[in-house]
A.B. asks: 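One structure is given below, represented as structure tokens, and several questions about it will come after.
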Amino acid sequence: MPVTIVFLLAMVVLAVASIQVRKAEIAVIYLGIFSLFNAIFYLFYSAPDLSLAEAVIGSALATALFLVAIKGYTLRRTQIKSEYRSPKMRLALFGELFWGVVFLTIGFIVISFYFGTVQDVGKPAWYHYVRSFISDTGARNAVTAIYLNYRVFDTLFEALLLLVGILATAYFLEWPEGKEPEEEIATKPDSEIVARISGLLYPFILLYGFYIIVNGHLTPGGGFQGGAILASVFIIRYFAQRRLGINIFILQRLEKSFFLGIIALSMLLLLPEFMNSDFKVFHLVLMNILIGFKVCCGLAILFFCFIFQQTKVEDTKGRSERG
Amino acid sequence: MAELVSFIIFFLGLYALVVKRSVIKSIIALVLMETAVILYFVSGGFEEGKLPPISDALPEQMVDPLPQALMITAIVIGISSTAVALAMYSQLHRKYGTDDWKKLMKIRLEEDA
Amino acid sequence: MSELVGNVLMGVALVFMTCGVYGIFRFRHFYLRILISSKVDTVGFITLTAGIMVKSGLNFFTLKVLIIVVFFVLTNPLATHSIARSAYKSQYPLPEDDV
Amino acid sequence: MIPGYLFVLVPIAFGTLLFFTNSRQAKRGVIIFQLALILASLYNLTKLRFLESHVSIETFAGWDRIIGISLKWDLVSSLFVMLTAGLFFFLFLFDYRGDHVDQLFLMLLCTIQGLIIGIFLAHDFFNVFILYEVATILVSILIMFRKDKQSVYDGIFYLLTNLVAMTFFLFGIALLYRMLGVLDFALTREQMALLSDRRALILPYTFLVTALSLKIAILPLFSWLPRAHATPSAPSTVSALLSGLFVKSSLYLFFRIRNIFDPFLELTELFLILGWLTALFGALLALSQKDIKLILAYSTVSQLGLITFGLSLNQDLAFWGAVYHIINHAIFKSTLFLSAGIISEIYRTRDIERIRGVGKGMPLVAAGTIFAILGVTGAPFFSGSMSKYWIVASAKDNLTTLGIYLANFGTITCFIRYSRIFFGVQKNSENSSCSLWKMQHIVVFVMGLFSLFGGLFARELIILFFAKQLPVDPLSYFQKIMIFFASLIGGFFVLRVIERTGILKKIRELDLSFNSVAAFMFLFFSMSFLYLSLKYAPQ
Amino acid sequence: MIFEQVILWVLAILAVALTLRAVLGPTPWDRILGFNLLSAKIVMIIAICAFILKKSYLLDVALIYSLFSFVGTVIIARFVEKRD
């Protein structure tokens, strides 16, 4: 599709803008638009699974995390102004120009070298995957077949990565001392309309998220994207009702037990007589469901830690310390 | 064309890492570099007119499914490493107060002495 | 026959959207901009999807497009509302009446 | 043979299971689990030793190597797996009574053990990439486990530099996959043969080398390592684990990837010089530090430089010497870090000038540390001397031998300054009570014994483990002993001279901010790229 | 078939115009408005692509895009508010 050139140019412009703009808040919004264009670009490069993951995780969740992290600190505009008027400013500008020239020359050499010497020696993995993924794994979506059956060893570490990343975030954000930033997020009452209508949408989004998880092996989707959709229900729910509703302590335990389930299930993959029976397809669905719920719990914890890092909401105050 | 753009964005991110002194800009540059690498990986496996690797297309017409499967992992890596970096950033800002790499280093050296 | 009607609908939708985008650039003030563009954009979306539905006739494809339209009609005004509300809450000055 | 992925997944699953038990059962369960792991790795090592090909490659779920992921057992990696299991056993034993030890800490240690074993066994590019990413985030929690103020800066510095390095690594994999279409180590080697022009491999190789040279702390890119390993909030077991073992896995991976690209592209001259410079610079910086853990961390950097120097000498003798040095270094560096942990807890300070009289206060710990120091400096009949001897013996021209002795001289002076803590009387003696648990002293002493044991029976161990006959002719070994004593005495005088001048204080102020580390990484990338493209320019 | 290609091109140009608005927009709320309208345009582009390629799973993708454009816009709008 020649229209992708338009998106590529827009991406480059947005990347430059998000680096050069002075205020971090604006840079983050540019980053969100950049990853939105990135997601649509993947769709035109016929990678629907990837564009889903990038749109869901890259543009919506990443932007939200950035904004929450820099929330308390961009308010002091006066401080930013004073920094950039000092005489050191000219020195910094000169440094940026110098490095710009160095990067342009080296980048040009590398890129021209790359396009001069790139060659393709054939793709045996591609040849084999495309021809035999239906018979081997019983999945209709080759991408799910790969990351749930051929290369399931990687997916185990990916689930572990999400578990550890969320453990780290919860661990760092519970740091007791240090000056508390102003808590203005939790106390703000939200508009009534958003609360009412988003209340209407929950069952629909939950059903849709579960649909994406369950037939991840047929149409694009699967554990990670479906889990993120379910987690978005928690996020909208926070905007509707001020309360947390879900206890982080239980969520952390749930996430770890789902992870153990994933490891146990992938161990079943090793028994050869298990695999050529028709259990293969059921194995895919079960793995997708487990990954989906694990990602949902994980992202929900991630969001609650970030949004509630200052305010321990009253109904979970007692138990929200680390389990 | 997509490979050229991914190289450009990769070196743009590296440029921002070297030049920009704010911590949050370094994290944004890191996200840009990771997105550029994912862009390159996927555009390597695509040929014009090929269809997504869902079973209703003929095997010859399917695009390479391996980069897409790996890049879903890379995106999840990107989000969790950004989340950890941002969690540390919010603690850094609460304790040190500044957002500038040079000032942070000066404060850190005074603490050691 | 349905081909022609579909094409006409899509053409109309294109006109709507170009007006919406033109509206964004023409008005100087944020509140006016958001008022015009969001309304026109939702209408454009509905006519475009109506055109697609007409052209693809009665099957599952049309049902899915219908679901998307219903969801979009529900959520797009909400999103625009929350933007305007956030601008209002942060005391962004309302336009003087002569604009 | 017990399949490899069990070695990787069982510790991780066990770690997650620990989370559901209370901390008392967790501590006991972990030690029993660790013993079982040592026995399993020993069983695998012996099975492999008697297999005539000494190599066994397993694939997960039986898929062929092109499409699935494979793990490779060879003599070196199985020995490293046993080393990991043994070291973790000592760490868990050391931490049995630690106040900061709860299920979360034990879970993190078990998980990172599984990851390190995974990196040693890995045989697939993307698998290594994701193992490293998980390990980076895990280490960033372990580094800041005690949550005090200074370590926030060290933690984010460590995390960002390593994430940038892994982005370079991923770009290298992307380029390789784009050209060769396969991710397995051995299959990439075969596909490379089909390439018409080997200059196509220059760009991926440069990306991979830049990422790995940051991980193994080569000269311009090592400033993240000492700050991360010796940060105040990292428990001493974590610093022992990081310096002793985690850096070794990246060194081992650097060596394996260099082997894949060996017939096509050569970077050994570059790494000879850089390795030697890192050894010198690391020893100099270690000399100038005040904090005992920082001294040890900078001496890790210099030892890594020495090992890279040995590995890139491209001789068989130097290779086995370097591998044996990796094992010895893992043992005595973790002993030193553990003893530094005990000393800093009892004396409640990490400043080397204010710690005196360790010899009288804690005889067992002092003995273990002295053994380890003699091991590091390469004193005769200790493990360090044997491996350094083999590296020196294989160096042909005397320039390299002079270089190695100079680097060793730097380490010796640094540890002479470090061993001042044993003599003299304790200044404020109110905190000299050995309230700490006796077992920790025994653990440090036993690990010190290992470095002595490794030195005396070096040749027999090498035959046992690697089925390799390494020659030791007594004349040149005697000459090496003479040089050791000469540099020992020289070290005393040089130390006295340096401490009078204020150089040390100025060197200590030397520090790189994150921007200059990124700039150095970019310069390293462009230097090695230009070097390679000029070296293999089409004539 | 050519008619859909034309619509695709026009929509792409409108998307770029909205990006221009988002980049130029003086106030942060202009940027969020650009973000919101841009994702609406992208949902339309996917719907038309799904119609051209006759693949119904692309419509699932479109629905998820519109869901997350709603979630993203509400979150960003909430966190861009200033309290001074």
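Quick note on labels: first sequence line is chain A, next is B, and so on, each numbered from 1. Excluded from the calculations below are hydrogen atoms, water molecules and symmetry mates; all remaining heavy atoms, backbone and side chain alike, are included. Everything quoted here is computed from the prediction, not taken from an experiment.
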A.B. asks: Side chain, backbone, both or neither: which part of D/Leu201 has a heavy atom under 4.5 Å from chain A?
C.D. replies: neither
A.B. asks: Among A/Glu158, A/His128, A/Gln119, single out the residue with the greatest number of heavy-atom pairs under 4.5 Å to chain D.
C.D. replies: A/Gln119
A.B. asks: Pick one of side chain, backbone, both or neither for D/Met107, based on which atoms fall under 4.5 Å of a heavy atom in chain A.
C.D. replies: side chain
A.B. asks: Got a second to check how far D/Ile66's CD1 is from A/Tyr127's OH, nearest 0.5 Å?
C.D. replies: 11.5 Å
A.B. asks: I'd like to know which of A/Tyr114, A/Trp126, A/Trp99 tops the heavy-atom pair count under 4.5 Å against chain D.
C.D. replies: A/Tyr114
A.B. asks: Return the NZ to CG distance between A/Lys256 and D/Leu18, rounded to the nearest 0.5 Å.
C.D. replies: 12.0 Å
A.B. asks: Quick one: what part of A/Tyr150 sits under 4.5 Å from any heavy atom of chain D, side chain, backbone, both or neither?
C.D. replies: both
A.B. asks: Going from CD1 on D/Ile12 to CG on A/Leu260, what distance comes out if it is rounded to the nearest 0.5 angstrom?
C.D. replies: 11.5 Å
A.B. asks: Please step through side-chain contact (heavy atoms from CB on, under 4.5 Å) for the pair D/Leu203 and A/Val118, ending with a clear verdict.
C.D. replies: CA-CA 10 Å; D/Leu203 204 53; A/Val118 71; over 6 Å; no
A.B. asks: Can you tell me which portion of A/Leu162 sits under 4.5 Å from chain D's heavy atoms? Options are side chain, backbone, both or neither.
C.D. replies: neither
A.B. asks: For the side chain of D/Tyr177 and the backbone of A/Lys123, is there at least one donor-acceptor N/O pair under 3.5 Å apart?
C.D. replies: no
A.B. asks: Out of A/Asp120, A/Asp154, A/Ile109, A/Leu160, which one racks up the most heavy-atom pairs below 4.5 Å with chain D?
C.D. replies: A/Asp154
A.B. asks: For the CZ atom on D/Arg199, are there more than 12 heavy atoms of other groups (residues, nucleotides or ligands in this structure) within a distance under 6.0 Å?
C.D. replies: yes
A.B. asks: Is it the side chain or the backbone of D/Asp124 that comes within 4.5 Å of chain A heavy atoms, both, or neither?
C.D. replies: side chain
A.B. asks: Heavy-atom pairs under 4.5 Å with chain A - which of D/Asp197, D/Asp64, D/Asp184, D/Ile67 has more of them than the others?
C.D. replies: D/Ile67
A.B. asks: Minimum heavy-atom separation for A/Tyr171 to D/Ile141, with atom names?
C.D. replies: CD2-CG2, 4.0 Å
A.B. asks: Below 4.5 Å, heavy-atom pairs only: which of D/Leu175, D/Asn127, D/Leu108 has the largest tally toward chain A?
C.D. replies: D/Asn127
A.B. asks: Among D/Gly118, D/Ser533, D/Ser196, who wins on heavy-atom pairs under 4.5 Å with chain A?
C.D. replies: D/Ser196
A.B. asks: Classify the ring geometry between D/Phe522 and A/Phe103 as parallel (under 30°), tilted (30 to 60°) or perpendicular (over 60°).
C.D. replies: parallel
A.B. asks: Do D/Phe126 and A/Arg151 have side-chain heavy atoms sitting under 4.5 Å apart?
C.D. replies: yes
A.B. asks: Would you call A/Met267 and D/Leu6 a side-chain contact if the rule is heavy atoms closer than 4.5 Å?
C.D. replies: yes
A.B. asks: Locate the shortest heavy-atom distance separating A/Pro124 from D/Gln191; write the atom from each residue and the value.
C.D. replies: CD-NE2, 3.5 Å
A.B. asks: Between CZ of A/Phe153 and OG1 of D/Thr59, what distance do you get to the nearest 0.5 Å?
C.D. replies: 11.5 Å
A.B. asks: Among D/Ala13, D/Ser526, D/Ser140, D/Gly181, which residue forms the greatest number of heavy-atom pairs with chain A at distances under 4.5 Å?
C.D. replies: D/Gly181
A.B. asks: Which region of D/Leu183, side chain (C-beta onward) or backbone (N, CA, C, O), has a non-hydrogen atom less than 4.5 Å from a non-hydrogen atom of chain A, or is it both or neither?
C.D. replies: side chain
A.B. asks: Is D/Leu71 in contact with chain A via its backbone, its side chain, both, or neither, using a 4.5 Å heavy-atom distance?
C.D. replies: side chain
A.B. asks: How are the rings of A/Phe113 and D/Phe529 set relative to one another: parallel (under 30°), tilted (30 to 60°) or perpendicular (over 60°)?
C.D. replies: perpendicular
A.B. asks: Got a second to check how far A/Leu167's CG is from D/Leu138's CG, nearest 0.5 Å?
C.D. replies: 8.5 Å
A.B. asks: Work out which heavy atom in A/Gly165 is nearest to a heavy atom in D/Ile137; give both atom names and the distance.
C.D. replies: CA-CG2, 4.0 Å
A.B. asks: Looking at A/Val164, A/Leu163, A/Leu156, which makes the most heavy-atom pairs under 4.5 Å with chain D?
C.D. replies: A/Val164
A.B. asks: Please report the shortest heavy-atom distance between A/Thr117 and D/Ala200, naming the atom on each side.
C.D. replies: O-CB, 3.2 Å
